[in-house]
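Structure, as structure tokens:
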Amino acid sequence: MAQKMLFILLSHIMLCFSVVSSLNLNASLIDDLGVPKFNHICDPARFNMLGFDIAEFAFCDKSLPYEVRAKDLVDRMTLAEKADQMGHGTSVGIPRIALPPYNWWSEALHGVSNTGPGTHFDSVVPGATSFPTVILTAAAFNQTLWKTIGKVVSTEARAMYNLGRAGLTFWSPNINVVRDPRWGRTLETPGEDPLVVGLYAVNYVRGLQDIEGQENTSDPNSRPLKVSACCKHFAAYDLDNHDGLDRYRFDAKVVAEQDMVETFNRPFEMCVKDGDVSSVMCSYNRVNSIPTCADSYLLKKLVREDWNLHGYIVSDCDSIKEIVERQKWLNDTVEEASAQVLKAGFLVKAVKQGKVGAADMDKSLNYLYVVLMRLGFFDGIPSLASLGKNDICSEENTELAAEAARQGIVLLQNDNETLPLDPAKFKSLALIGPHANATGVMKGNYAGIPCKFISPLEAFSALGQVTYELGCDVKCSNYSTVQSAVDVAKNADATLLFVGLNLDVEAESRDRDNLLLPGYQTHLVNKVAEASKGPVILVVMSATALDISFAKINPKIKSILWVGYPGEQGGRAIADVVFGNYNPGGRLPLTWYEANYVDKLPMTSMSLRPVGKYPGRTYKFFNGTTIYPFGYGLSYTSFKYEYNSAEMSLDIKLNRLLHCHNLPYNDTNYKQNCPSVLIDDLTCDDEIAFEITVQNVGHRDGSDVVLVYSVPPEEVTGTHIKQLVGFERVFLQANESKNVKFVLNACQSLNIVDVSGYRLLPSGSHKIVVGDNVISIPVKVSYSL
Ligand SMILES: *[C@@H]1O[C@H](CO)[C@@H](O)[C@H](O)[C@H]1NC(C)=O
Ligand SMILES: *[C@@H]1O[C@H](CO)[C@@H](O)[C@H](O)[C@H]1NC(C)=O
Ligand SMILES: *[C@@H]1O[C@H](CO)[C@@H](O)[C@H](O)[C@H]1NC(C)=O
Ligand SMILES: *[C@@H]1O[C@H](CO)[C@@H](O)[C@H](O)[C@H]1NC(C)=O
Ligand SMILES: *[C@@H]1O[C@H](CO)[C@@H](O)[C@H](O)[C@H]1NC(C)=O
Ligand SMILES: *[C@@H]1O[C@H](CO)[C@@H](O)[C@H](O)[C@H]1NC(C)=O
Ligand SMILES: *[C@@H]1O[C@H](CO)[C@@H](O)[C@H](O)[C@H]1NC(C)=O
Ligand SMILES: *[C@@H]1O[C@H](CO)[C@@H](O)[C@H](O)[C@H]1NC(C)=O
Ligand SMILES: *[C@@H]1O[C@H](CO)[C@@H](O)[C@H](O)[C@H]1NC(C)=O
Ligand SMILES: *[C@@H]1O[C@H](CO)[C@@H](O)[C@H](O)[C@H]1NC(C)=O
């Protein structure tokens with residue numbers, strides 16, 4: 001979010017205002033600690049206290065549908081009051097109708113955060129559970145974990161709301177696909193694969209929003225919400241500040257419809273359709289020269305109509321101002337820009353100038369208040385009313401934060417089974433490097449105040465005799481302090497080197513320009529490794545990919561772990577993995593490119609496919625060599641896959657309404673009677689079902705992530721190399737075997753997106769590939785009359 005506080009809310013329109021949310025209209029409505037006496041508005045006693053008779057306010061009549069009640073509320077407001085409610089100015093509530101102030105902006109990216117002014121910590125609630133940053137949690141490839149974290153975060157959020165410390169609308173998660181490894185906000189996201197990002201969004205949003213037993217009410221517009229989530233930033237937003245260009249002025253172009261459908265929009269589509277999210281935020285950038293917040297095709301046609309959003313659309317802070325001041329979109333005045341946004345969704349002052357219809361504004365307010373009604377802001381939600389202090393930072397929640405970090409940590413190298421360390425053999429440990437005593441850095445951005453930190457230094461000190469040396473800080477701009485680190489490594493049974501990045505290097509408004517460890521960190525690692533008496537374990541704390549080939553080839557460095565930014569319990573999770581209390585099973589959610597990758601293409605090139613001299617992006621389109629590929633990760637045990645069925649085939653009957661589409665082939669002699677059909681035209685009830693037997697053939701219990709990809713017919717040109725279509729994390733004891741069943745929808749899993757944005761199911765020889773090409777199952781698709 002930016003500093004300037006002009007704000008927008010579209011269908012919508014709000015300002016990033018700074019009033020703390022509470023149900024307080026009158027000092028007598030809160031106790032000495034600022035805890036509201038009423039946790040919902042429509043309590044007759046509250047109205048009495050304010051000198052009103054609740055019966056006179058239809059918006060409190062529970063027998064009426066939410067939309068009718070919201071309309072009654074909006075109809076009572078003057079134009080100025082309406083504008084106030086949308087954050088155009090400071091919302092102070094409307095005492096006249098007993099409506100309290102409400103701040104729409106809270107955040108809960110990986111724990112309740114105080115980044116938004118709607119939430120704050122103080123002596124009543126000093127902290128909340130701080131989970132790992134999303135990029136690490138994504139690496140667990142465990143949908144149950146993602147949803148469980150969402151549930152715990154919403155429980156803590158709701159408890160904080162009851163205590164008057166938080167709002168109910170949380171502008172999380174960030175589900176932009178990581179197109180380029182330089183992007184500073186990679187830590188906030190689930191990585192580069194649209195399916196992983198989409199499934200993360202669906203699970204996290206359901207964990208935040210769903211109230212158990214009421215997930216599937218027949219009317220989605222009255223479905224109760226635990227808290228309201230927001231999928232952001234729509235769309236094609238993934239550049240913050242690069243080479244003199246910032247996100248406010250960035251015109252993402254040319255963005256091909258093919259990439260919109262296949263990559264940029266897909267997680268948002270899943271979030272809205274499958275997650276039933278109650279809010280979507282449009283982004284700062286332009287797409288093909290149109291500001292996203294003024295693009296009625298994206299907002300109105302796609303999000304609201306095609307995907308059927310049940311909720312509101314909000315613009316990122318300042319984006320209207322940015323449209324005017326920096327993007328110079330059509331030379332707009334603020335009112336005109338707002339009108340643009342309103343036509344896509346809506347606006348405020350422009351109403352007075354006749355540039356925007358008041359009815360549009362009413363409709364936008366209606367969307368907002370219906371969401372607040374679903375949240376129980378007006379009527380309360382009895383099952384959530386008793387949540388309080390004991391539900392925040394509980395032992396169970398702290399344990400889940402540690403568990404999430406353990407599940408996400410990726411073992412990248414482990415020569416000669418150096419890890420796990422046997423504590424009886426490795427008694428003295430050297431802990432060296434900028435992150436050896438990491439605390440705050442482990443929480444990343446959009447964090448709150450954690451319940452408690454456990455740094456690596458603290459965790460390892462509890463398990464052995466530890467000597468600590470900083471070596472140098474993250475920027476490591478000189479190596480004057482390297483020698484004392486070298487001396488420590490000379491005498492320890494094992495050396496743990498904690499290197500990587502932090503928010504000074506990769507963050508919102510801060511993209512990277514290389515894929516290297518900063519400053520002299522490489523020098524620190526090499527010097528310490530050279531001098532070490534015992535084996536060297538390299539622990540990399542970062543969100544994005546790093547070229548650590550120098551460490552891979554250093555024979556002294558036996559093991560490498562990537563730990564993301566692992567949250568408040570990070571130190572404990574790392575120690576659990578190093579000493580074998582937990583067998584790592586995480587997989588990289590990003591391709592780790594070689595350092596020269598970023599010299600081969602500008603960050604501003606939006607295409608996922610190779611264009612001209614530029615290589616492709618992500619594992620789906622990049623065919624070059626990597627440091628580590630997407631999905632990479634080792635274990636302390638080994639797994640074997642078996643598959644026993646024959647090839648699969650799918651014959652689809654054509655009828656007079658099904659039309660065949662041509663596809664570009666690599667060979668003019670290659671023919672198919674019907675190259676492909678639009679998946680929207682097919683009934684798409686064909687399933688590809690198969691079972692893989694996974695066996696733990698090693699000596700330790702552990703978890704494996706079974707990754708399933710589809711590969712289109714080889715003759716079809718211009719398509720992805722492969723695409724992830726399913727995954728499952730499974731736990732297996734040593735020697736145990738399990739059958740893992742996959743049931744894939746043929747249309748969803750075998751489709752390709754053509755240049756014009758059509759989703760097509762090609763005929764020909766597809767393949768389902770499991771793991772790193774361990775199993776390849778042919779799937780023949782044909783069309784017949
Ligand atoms: C607050 O409520 C009390 C009674 O409950 C009333 O006397 C007082 O005027 C109210 N204050 C304001 C500012 O409305
Ligand atoms: C709601 O629907 C989903 C999918 O349609 C289903 O998996 C889930 O069990 C349902 N929940 C309830 C409580 O009925
Ligand atoms: C915007 O205004 C400037 C200065 O008034 C003018 O030179 C320019 O042509 C205008 N641009 C557009 C697109 O109207
Ligand atoms: C593993 O250990 C063996 C025997 O000690 C040694 O020869 C080999 O070089 C080691 N391999 C690596 C990669 O360290
Ligand atoms: C480790 O970090 C904590 C928290 O920042 C600090 O209080 C402590 O002094 C540090 N320990 C050492 C040995 O530097
Ligand atoms: C080297 O870094 C240390 C802190 O890491 C700093 O105090 C010192 O001034 C630096 N020296 C030079 C020559 O930059
Ligand atoms: C990789 O893709 C490039 C296009 O970016 C192509 O020229 C090259 O032949 C491909 N290499 C392999 C090994 O497929
Ligand atoms: C087209 O691709 C197929 C499958 O990879 C290959 O066998 C064939 O040689 C290719 N044809 C041409 C003309 O490149
Ligand atoms: C997935 O996460 C859940 C929730 O933390 C956990 O209970 C389960 O064991 C995990 N699955 C695997 C295979 O690790
Ligand atoms: C695994 O199976 C092998 C051979 O069947 C056996 O020797 C070994 O003891 C078993 N290991 C465990 C941990 O059960």
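Just so you know, ligand 1 is whichever comes first in the structure, and atom 1 is the first atom listed for that ligand.
- Separation of the Tyr597 and Phe622 ring centroids falls under the 6.0 Å cut-off.
- Between the side chain of Thr129 and the backbone N or O of Asn397 there is no donor-acceptor pair closer than 3.5 Å.
- Paired with Thr591 under the rule side-chain contact (heavy atoms from CB on, under 4.5 Å), one option of Tyr619, Tyr628, Tyr632 passes, and it is Tyr619.
- By the side chain to side chain contact (heavy atoms under 4.5 Å, CB included) test, Ser765 is found to be paired with no residue, residues two or more places apart in sequence or in another chain being considered.
- Counting the atoms of ligand 9 from 1 in the order shown, those under 4.0 Å from a heavy atom of Ser703 are 13 (C), 14 (O).
- A donor-acceptor pair shorter than 3.5 Å can be found between the side chains of Tyr641 and Asp704.
- The Val730 neighbourhood of ligand 9 comprises atoms 13 (C), with distances under 4.0 Å to a heavy atom of that residue.
- Short contacts between ligand 5 and Thr439, defined as distances under 4.0 Å to a heavy atom of the residue, involve ligand atoms 5 (O).
- Counting only distance, with no hydrogens or angles, the side chain of Glu594 and the backbone of Asp547 share no donor-acceptor pair below 3.5 Å.
- An N or O contact shorter than 3.5 Å is missing between Thr144 and ligand 9 by distance.
- Two rings, from Phe742 and Phe727, have their centers 6.0 Å or more apart.
- Qualifying side chain to side chain contact (heavy atoms under 4.5 Å, CB included) partners for Glu715, counting only residues two or more places apart in sequence or in other chains: Tyr665, Asn666, Tyr670, Pro713.
- Close N/O approach between Asn437 and ligand 5 is found [any backbone or side-chain N/O within under 3.5 Å].
- In Leu145, the parts holding a heavy atom less than 4.0 Å from any atom of ligand 9 are both the side chain and the backbone.
- For Tyr204 and Trp146, the ring centers sit 6.0 Å or farther from each other.
- Taking only nitrogen or oxygen atoms, main chain and side chain alike, Gln407 reaches within less than 3.5 Å of ligand 9.
- In summary, Lys226 and Asp210 do not engage in a salt bridge, as defined by a charged side-chain N under 4.0 Å from a carboxylate O.
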Once you restrict both partners to nitrogen or oxygen, which atoms of ligand 7 have a protein partner under 3.5 Å, and how far apart are they?
| from | atom 1 | to | atom 2 | distance (Å) |
| --- | --- | --- | --- | --- |
| ligand 7 | 2 (O) | Asn623 | OD1 | 3.4 |
| ligand 7 | 2 (O) | Asn623 | ND2 | 2.4 |
| ligand 7 | 11 (N) | Asn623 | ND2 | 2.8 |
| ligand 7 | 14 (O) | Asn623 | ND2 | 3.2 |

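- At a 4.0 Å heavy-atom cut-off, ligand 5 does not touch Phe453 at all.
- Under 4.0 Å from ligand 5, the heavy atoms of Leu457 that appear belong solely to its side chain.
- The shortest N/O to N/O separation between Asn142 and ligand 9 falls below 3.5 Å.
- For the side-chain hydrogen bond (donor to acceptor under 3.5 Å, both in side chains) condition, the pairs that include at least one residue of residues 448-458, sequence neighbours left out, are Asn437-Ser455.
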